[in-house]
Colleague: 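My structure is below; once you've seen it, I'll send some questions.
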Amino acid sequence: MDFVLSEEHQMIRKAAKDFAEQELLPGVIDRDEHQYFPEELIRKMADLGFMGMMVRTEYGGAGLDTLSYVLAMEEISKVDASAAVCMSVNNSLVCWGIQEYGTEEQKQRYLNPLAKGACLGAFLLSEPEAGSDASAQHTTAQDCGDYYLLNGVKNWITNAGIAKVFLVMAQTHPERGSHGINTFIVESDWPGVILGPKENKMGIRGSDTRSVTFQDVKVPKENRIGEDGFGFKFAMRTLEGGRIGIAAQALGIAAGAYERALHYATQRKAFGVPIAQHQAIQFKLADMATRIEAARRLVWKAAWEKDQNRPFGLYSSMAKLYASEVAMWATIEAVQIHGGYGYVKEYHVERMMRDAKITQIYEGTSEIQRLIISRHILQQHG
Ligand code: CAA
């Protein structure tokens, strides 16, 4: 067992850290306040290879492993969790899904530009009445011979306003339940694709989240991913990987808040000494450091299992569950350590606290992760 990162992994981590501190930190408060993320920053992330990290080089990606991806995700999330979710959805939900299950033609046409960051992707599973219960899809894809007719509404879609490529789940054979669902590649500018207004969110406010309505959208048959009825399994398998990315995002939010709290505690004086010399603060810092390290080990374990081509669904859910709970708890502690300063935007930790909450909700709530974990362990138990 080796807990030391290779030189290559250390370089990737440093590249992400430098980028986050130099390019993302300036302006992160303004982007949170006014809810935007400039195209120029996406361009810069793409130039560094962050938009298609695990995509093979022949399809325009960086050809790296999952561990590299989580290292970069952690560093970027320490500074700007909105940038991180935009990157995460493109990498693990959209690019990975097409690379793994797409046809050669789909890969040439869509994966190549997505991996290079020439365009962005979004993953459209959730609906007004299908969140945790993902197979209860109301969006329909009627088989019309050489095309499908898509109708329905998708909710809370990350990247919706800036993505060109949508992966859309829809029900084709309602009588077959989850076996009747298909996934389609839909271009966001096709007739009948209607974007809702940008959601005014509590956290990750720099990221673009909207609902998307489909009104008689004609989707060519060759844009279906996999066999007829494969759509739900596609979504579940893709989300297993996606949850490693969100776990890394949660880890980064927690670690970013901890680093700020540690720094503040050594600078701020109360009762004649830096507050870091008070045991009340020392115990908080000790607990934060310990839980963050435990979360990091779970995230790396999930990434390692995936890189070994072993089943990783149990570990991705464990990593997401634990890291997101650590993120929520650690950011609250970071605000507490900052006292009144923690409650104002200039000190960053209040934003991190707001950002942390979504990691317990999207790509499966904490309750769904517990459900998945318990299914795995009971199945192993026999
Ligand atoms: N891999 C492959 N197949 C899987 C699978 C997996 N991980 N999980 C389930 N399946 C298969 C099952 O084997 C079953 O197939 P068979 O009938 O052939 O046996 C079929 O799918 C149905 O499975 P279940 O009966 O287990 O399905 P369920 O209705 O009980 O739901 C669930 C399972 C785990 C709760 C699922 O609905 C789920 O994951 N819900 C959460 C959804 C979610 O994470 N949404 C996130 C939205 S995307 C997002 O947030 C992105 C973003 O913008 C940031």
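When a residue number appears, it is its place in the shown sequence, counting from 1. Note that the coordinates shown come from a computational prediction; the quantities given were computed from them, not determined experimentally. All ligand and atom numbering here is 1-based and tracks the order in the structure.
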Colleague: Which heavy atom of the protein is the closest neighbour of atom 33 (C) of ligand 1, given with residue, atom name and distance?
Modeller: R375 NH1, 3.8 Å

Colleague: I'd like to know if E39 pairs up with R43 as an ion pair, taking the criterion as any Lys NZ or Arg NE/NH1/NH2 lying under 4.0 Å from an Asp or Glu carboxylate oxygen.
Modeller: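 No.
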
Colleague: Please work out, at 4.0 Å between heavy atoms, whether the side chain, the backbone, both, or neither of A134 comes within that distance of ligand 1.
Modeller: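 Contact part for A134 vs ligand 1: both backbone and side chain.
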
Colleague: At a non-hydrogen distance cut-off of under 4.0 Å, which region of I246 contacts ligand 1 (side chain, backbone, both, or neither)?
Modeller: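 It is neither; nothing of I246 touches ligand 1.
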
Colleague: Nearest to atom 47 (C) of ligand 1, what protein heavy atom do you find, and at what distance?
Modeller: S126 OG, 3.4 Å

Colleague: Checking the N or O distance criterion of under 3.5 Å, is ligand 1 in contact with H179?
Modeller: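 There is such a contact, yes.
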
Colleague: For the residue pair F19 and E75, establish whether any side-chain heavy-atom pair is separated by less than 4.5 Å.
Modeller: no

Colleague: Can you check whether G196's main-chain N or O pairs, donor with acceptor, with R210's side chain at less than 3.5 Å?
Modeller: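 Confirmed, R210 side chain pairs with G196 backbone.
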
Colleague: Can you confirm whether some protein heavy atom lies under 4.0 Å from atom 19 (O) of ligand 1, or whether none does?
Modeller: no

Colleague: In the protein, which heavy atom is nearest to atom 40 (N) of ligand 1, and how far is it?
Modeller: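 Nearest protein contact, heavy atoms only, for atom 40 (N) of ligand 1 is S132 O, 2.8 Å.
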
Colleague: Measure the distance from atom 6 (C) of ligand 1 to every protein heavy atom, then report the residue, atom name and distance (to 0.1 Å) of the closest one.
Modeller: M236 CB, 3.5 Å

Colleague: Closer than 4.0 angstrom: is that true for some heavy atom of L93 and an atom of ligand 1?
Modeller: yes

Colleague: Side chain, backbone, both or neither: which part of S88 has a heavy atom under 4.0 Å from ligand 1?
Modeller: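 S88 to ligand 1: no contact under 4.0 Å from either part.
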
Colleague: Is atom 49 (C) of ligand 1 in close reach of the protein, with a heavy atom under 4.0 Å away?
Modeller: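 Under the 4.0 Å cut-off, atom 49 (C) of ligand 1 does have protein heavy-atom neighbours.
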
Colleague: Please confirm whether D133 comes within less than 3.5 Å of ligand 1 when only nitrogen or oxygen atoms on both sides are compared.
Modeller: no

Colleague: Kindly state if atom 25 (O) of ligand 1 has a protein heavy atom within a strict 4.0 Å cut-off, that is, under 4.0 Å?
Modeller: no

Colleague: Is it the case that Y69 and S92 place a side-chain donor and acceptor less than 3.5 Å from each other?
Modeller: yes

Colleague: What I want to find out is whether R310 reaches E305 closely enough, with some N-O distance under 4.0 Å, to be called a salt bridge.
Modeller: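 Result for this pair is yes, salt bridge flagged.
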
Colleague: What do the steps show when you test T66 against D307 for side chain to side chain donor-acceptor pair (under 3.5 Å), and what is the final call?
Modeller: CA-CA 6 Å; T66 316; D307 286 336; 2.6 Å; yes

Colleague: With heavy atoms only and a cut-off of under 4.0 Å, state how T158 meets ligand 1: side chain, backbone, both or neither.
Modeller: both

Colleague: Is it the case that K218 places NZ or CZ above or below the six-membered ring of Y148, under 6.0 angstrom from the centre and within 45 degrees of the axis?
Modeller: no

Colleague: Just one of W96, F184, Y101 clears the ring-ring contact (aromatic ring centres under 6.0 Å, His included) bar with F234, so which one?
Modeller: Y101

Colleague: Is there any N or O on G364 that sits under 3.5 Å from an N or O of ligand 1?
Modeller: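 Yes, at least one N or O pair falls under 3.5 Å.
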
Colleague: At under 4.0 Å between heavy atoms, is it the side chain or the backbone of L371 that contacts ligand 1, or both, or neither?
Modeller: side chain

Colleague: Output the list of atoms in ligand 1 that are nearer than 4.0 Å to some heavy atom of S135, sorted by atom number.
Modeller: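 Result: 29 (O).
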
Colleague: Which bit of R243 gets closer than 4.0 Å to ligand 1, counting heavy atoms only: side chain, backbone, both or neither?
Modeller: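 It is the side chain that touches ligand 1; the backbone stays farther off.
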
Colleague: For the residue pair E105 and T103, confirm or rule out a side-chain donor-acceptor distance under 3.5 Å.
Modeller: no

Colleague: Inspect the surroundings of CD in Q215 and state if more than 12 heavy atoms from other residues, nucleotides or ligands are less than 6.0 Å away.
Modeller: no

Colleague: Any chance you could lay out the side chain to side chain donor-acceptor pair (under 3.5 Å) test for Y147 and N223, step after step, and finish with the verdict?
Modeller: CA-CA 9 Å; Y147 65 90; N223 277 33; over 6 Å; no

Colleague: Identify, for atom 3 (N) of ligand 1, the protein heavy atom at the shortest distance, and state residue, atom and that distance.
Modeller: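 Of the protein heavy atoms, K233 CG, 3.8 Å lies nearest.
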
Colleague: Where the closest heavy atom to atom 46 (C) of ligand 1 is concerned, which of E363, K154, M169 has it?
Modeller: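 Of the listed residues, E363 has the closest heavy atom.
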
Colleague: Counting non-hydrogen protein atoms only, what is the nearest one to atom 27 (O) of ligand 1? Give residue, atom name and distance.
Modeller: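 Nearest protein contact, heavy atoms only, for atom 27 (O) of ligand 1 is F232 CE2, 3.9 Å.
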
Colleague: Looking at atom 1 (N) of ligand 1, what's its closest protein heavy atom, distance included?
Modeller: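 So the nearest neighbour among protein heavy atoms is R237 CG, 3.5 Å.
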
Colleague: Show every donor-acceptor pair shorter than 3.5 Å between a side-chain atom in residues 48-63 and any protein atom, with sequence neighbours excluded, or say none if there are none.
Modeller:
from, atom 1, to, atom 2, distance (Å)
Y59, OH, E104, OE1, 2.7
Y59, OH, E104, OE2, 3.2

Colleague: Please write down residue, atom name and distance for the protein heavy atom closest to atom 7 (N) of ligand 1.
Modeller: E240 OE2, 2.8 Å

Colleague: So for G131, does at least one of its heavy atoms come nearer than 4.0 angstrom to any atom of ligand 1?
Modeller: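 Yes, G131 has a heavy atom closer than 4.0 Å to ligand 1.
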
Colleague: Salt bridge or not for R296 and E74, using N-O below 4.0 Å?
Modeller: yes

Colleague: Taking 4.0 angstrom as the limit and counting only heavy atoms of S178, give me the atoms of ligand 1 inside it, by number and element.
Modeller: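 Once the distances to S178 are compared, the set is 20 (C), 22 (C).
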
Colleague: Relative to each other, are the rings of Y347 and Y341 parallel, tilted or perpendicular (30° and 60° limits)?
Modeller: tilted

Colleague: Salt-bridged, K221 to D143, with N to O below 4.0 Å?
Modeller: yes

